[in-house]
Amino acid sequence: MQIDIQSRGFSLTEALLAYSKKRALAALAYTSDHVSRVVIRLSDINGPRGGADKCCHVQVALAGIPDVVVDDTEVDMY
């Protein structure tokens with residue numbers, strides 16, 4: 001399983017990179033044989049102004065079916 005983590009609008013720290021990878025591996029461990037690629041895009045919509053504007057877009061490529069895509073926006077990137 002290939003995991004690609006990208007950030008938009010802010011610098012991706014090693015801590016956030018490690019946390020995102022750990023969470024993806026844990027969440028998909030049961031189905032990892034069927035997952036070929038995971039793309040995680042983290043973005044800060046409003047920049048330094050704050051608020052519930054931290055967006056996480058996860059796209060999971062599975063064999064034989066369309067990709068599964070999940071988007072969520074929260075106050076904290078973690």
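These numbers were taken from a predicted model, which means no experiment stands behind them. Any value given below was found using the heavy atoms of this structure, including those in side chains, with hydrogens, waters and symmetry copies removed.
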request  = First locate atom CG of Leu12, then atom CG of Leu42, and finally report the distance between them rounded to the nearest 0.5 Å.
outcome  = 6.5 Å
ask   = What's the spacing between Arg23 CZ and Ile5 CD1 if we round to 0.5 Å?
value = 12.0 Å
task = Could you pull out the closest heavy-atom pair between Ile40 and Ser20, with the gap in Å?
result = CD1-O, 4.1 Å
message = I'd like to know if the side chain of Thr13 and the backbone of Leu16 have a donor-acceptor N/O pair within less than 3.5 Å.
response = yes
message = Taking Ile65 as the starting point, is it possible to reach Val58 by hopping between hydrophobic residues whose side chains are less than 4.5 Å apart?
response = yes
ask   = Looking at CE of Met77 and SG of Cys55, how far apart are the two atoms once the value is rounded to the nearest 0.5 Å?
value = 8.5 Å
ask   = Is the shortest heavy-atom distance from the side chain of Leu62 to the side chain of Val35 under 4.5 Å?
value = yes
query = For Asp4 and Gln2, does a side-chain donor sit closer than 3.5 Å to a side-chain acceptor?
reply = no
ask   = Roughly how far, to the nearest 0.5 Å, is the CE atom of Met1 from the CG atom of Asp33?
value = 9.0 Å
message = So for atom OH, which belongs to Tyr78, do other residues, nucleotides or ligands contribute more than 12 heavy atoms lying within a distance under 6.0 Å?
response = yes
inquiry  = Starting from Tyr19, can I reach Leu17 by hopping between I/L/V/M/F/W/Y residues whose side chains sit under 4.5 Å apart?
reply    = yes
message = How long is the straight-line distance from CG of Asp44 back to OG of Ser11, given to the nearest 0.5 Å?
response = 11.0 Å
query = In Å, rounded to the nearest 0.5 Å, how long is the span from NZ of Lys54 to CD1 of Ile45?
reply = 9.0 Å
